[in-house]
There are 2 protein chains.
Amino acid sequence: MRNTVARDAILEIINTTDEALSQSDVQAKLPEGLCNRVTIYRVLDRLVDEHLAHKITNIDGVIKYANCQSCTTKHKHNHLHFNCERCNTVTCIEAVEPSFKLPANYEVKNVNFLVSGICPECKGN
Amino acid sequence: MRNTVARDAILEIINTTDEALSQSDVQAKLPEGLCNRVTIYRVLDRLVDEHLAHKITNIDGVIKYANCQSCTTKHKHNHLHFNCERCNTVTCIEAVEPSFKLPANYEVKNVNFLVSGICPECKGN
DNA sequence: TTTTTTAATGCAATAGGGTTGCAGTTGCAA
DNA sequence: TTGCAACTGCAACCCTATTGCATTAAAAAA
Ligand SMILES: [Mn+2]
Ligand SMILES: [Mn+2]
Ligand SMILES: [Zn+2]
Ligand SMILES: [Zn+2]
C-alpha cells in the first residue's frame with residue numbers, strides 16, 4: 001500500500017483517538033479539504049485490509065473504525081464495544097471478551113458485540 | 001394500539017418466520033400492495049413498543065426484527081444473533097446468552113450481540 | 001535523475017435504508 | 001351513529017455508503 005497524505009493523516013487520527021470513528025468523524029478531525037470524503041471511506045477500508053484498523057457496526061447501523069492493538073496476520077476482535085447513548089461515542093473495551101458457545105456446526109467468522117447505555121464519564125456528570 | 005390490516009398481516013409474518021426480517025424482507029412476504037412501505041416501518045416500530053418484536057442491527061447495518069418470546073412489561077434480549085454470510089439470514093439463538101462483565105459505572109441499557117459466519121444448513125450443502 | 005507503472009484520488013452520479021410532513025382514512029370508544 | 005385520535009399513503013427528503021471514470025502521484029524500474 002502506498003504512503004499517501006490521506007493515509008498518513010487518517011492513520012494518525014485512528015491511532016491517537018481512544019474512541020471508534022466513523023467516516024464523518026474522521027472527516028471532522030481532518031484539516032479542511034485534505035482529501036475527498038470518498039477517499040476517507042477507501043483509506044479506512046484499506047487500513048482494515050492491512051490489519052491496522054477494525055470495523056464495528058454501531059447499534060444505529062453506522063460503521064465505526066478503531067485501531068488494532070496487535071493484529072498482524074489476521075484480525076481478532078472478540079472484545080466488547082460500548083456505545084454511550086448520551087455522548088454518542090463507541091469505545092473498544094479490549095479487556096472484556098464475552099464468552100459464548102454456539103451449538104454444533106456453526107462456523108464463526110466475525111463477531112460484533114455491542115452494548116449500549118451510559119458510559120462512566122456521562123454517568124458522573 | 002389499533003387492530004389494522006397491516007398490523008395483523010405483519011405480526012403474523014413476524015410470528016411465523018423463524019428468522020429476523022428487515023422492512024424489505026417483510027414487504028417481500030406481504031401480498032403485493034397490502035400497504036405502503038412506510039407503514040411497514042411504522043408497524044414494526046410499534047410492535048417493538050408493544051413488546052411483540054425486538055430489533056437487531058445486522059453486521060451490514062440493516063435493522064432486522066424478530067418476535068419476542070416472552071417480553072411483557074419490558075424487553076429482555078441478551079441472546080445471540082447469528083448472521084449467515086451465505087444465505088444472508090439472521091436468526092435468534094435464544095439458547096445462547098453470552099456472559100460478560102463490564103468495569104464499574106457502565107450502565108447497560110441495550111445489547112446487540114451479533115456473530116456472523118456460516119450456518120449449519122449452509123454448512124451441510 | 002528520468003521514465004514508467006499502476007495504486008490512489010476527485011468528482012459526480014447512484015444506491016439503499018430509513019424518516020418526515022401532511023392530508024386523507026379508519027378503528028373503535030362513547 | 002358519531003367523533004376523534006390513531007393510522008395510512010404519498011412524495012419529498014436525509015444519511016451513509018458505493019461506483020465509474022478520468023486524472024494524479026507514489027515508488028519501482030531504467
Ligand atoms: Mn474494538
Ligand atoms: Mn433475537
Ligand atoms: Zn458517554
Ligand atoms: Zn446460511
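Below, read A as the first sequence line, B as the second, and so on, with proteins coming before strands; counting in each chain starts at 1.
Computed from coordinates, the B:Met1 CE to C:dT26 P distance equals 17 Å when rounded to whole Å. Atom pair B:Ile63:CD1 and C:dG16:P shows a separation of 18 Å (rounding to whole Å applied). Per the geometry, CG belonging to B:Asp60 stands 11 Å off C1' belonging to C:dG16, to the nearest Å. Regarding B:Asn36, its CG atom lies at a distance of 17 Å from the P atom of C:dG21, rounded to whole Å. Rounded to an integer number of Å, the gap from CD of A:Gln23 to P of C:dT9 is 14 Å. Atom CZ in B:Arg37 sits about 12 Å away from atom P in C:dG16, given to the nearest Å.
Side-chain N or O atoms of B:His75 include one that pairs as donor or acceptor with a backbone N or O of B:Val48 at under 3.5 Å. Judged purely by atom type and a 3.5 angstrom limit, A:Asn112 uses its side chain to pair as donor or acceptor with the backbone of A:Thr57. No donor-acceptor distance shorter than 3.5 angstrom exists from the side chain of B:Asn83 to the backbone of B:Val90, with no hydrogens or angles considered. Here the side chain of B:Asp49 pairs no donor or acceptor atom with the backbone of B:Arg46 at under 3.5 angstrom.
Side-chain rings of B:Phe100 and B:Phe113 approach one another, their centers coming within less than 6.0 Å. Checked against a 6.0 Å centroid threshold, the rings of B:His54 and B:His77 count as neighbours.
Between its opening and closing five pairs, the helix from C:dT1-D:dA30 to C:dA30-D:dT1 changes axis direction by 30°, a value rounded to 10 degrees.
Heavy-atom distances under 4.0 Å link DNA chain C to A:Val38, A:Thr39, A:Arg42, A:Val43, A:Arg46 of residues 38-59 of chain A, given in residue order.
Taking the nucleotide of DNA chain C with the nearest heavy atom to each of B:Asn3 and B:Ser24, the more 5' of the two is matched to B:Ser24. Place B:Lys64 and B:Val5 on DNA chain C by their nearest nucleotides, and B:Lys64 ends up nearer the 5' end.
At a threshold of 4.5 Å between non-hydrogen side-chain atoms, the residues A:Val115 and B:Asn110 do not count as touching.
Which of C:dT26, C:dA8, C:dG18 sits closest to the side chain of A:Thr4 comes down to C:dA8.
Along DNA chain D, the stretch of nucleotides lying under 4.0 Å from any heavy atom of chain A spans, 5' to 3', D:dT16 to D:dA27.
With no hydrogens or angles considered, no side-chain donor-acceptor pair links A:Thr89 and A:Thr91 at under 3.5 Å. Defined by atom type and a distance below 3.5 Å, a donor-acceptor pair is missing between the side-chain atoms of B:Thr39 and B:Asn36.
At a threshold of 4.0 Å, the pair B:Lys29-B:Glu12 does not count as salt-bridged, since none of the basic side-chain nitrogens sits closer than that to a carboxylate oxygen. With respect to the salt-bridge test (charged N to carboxylate O, under 4.0 angstrom), the residues A:Glu50 and A:Arg7 qualify.
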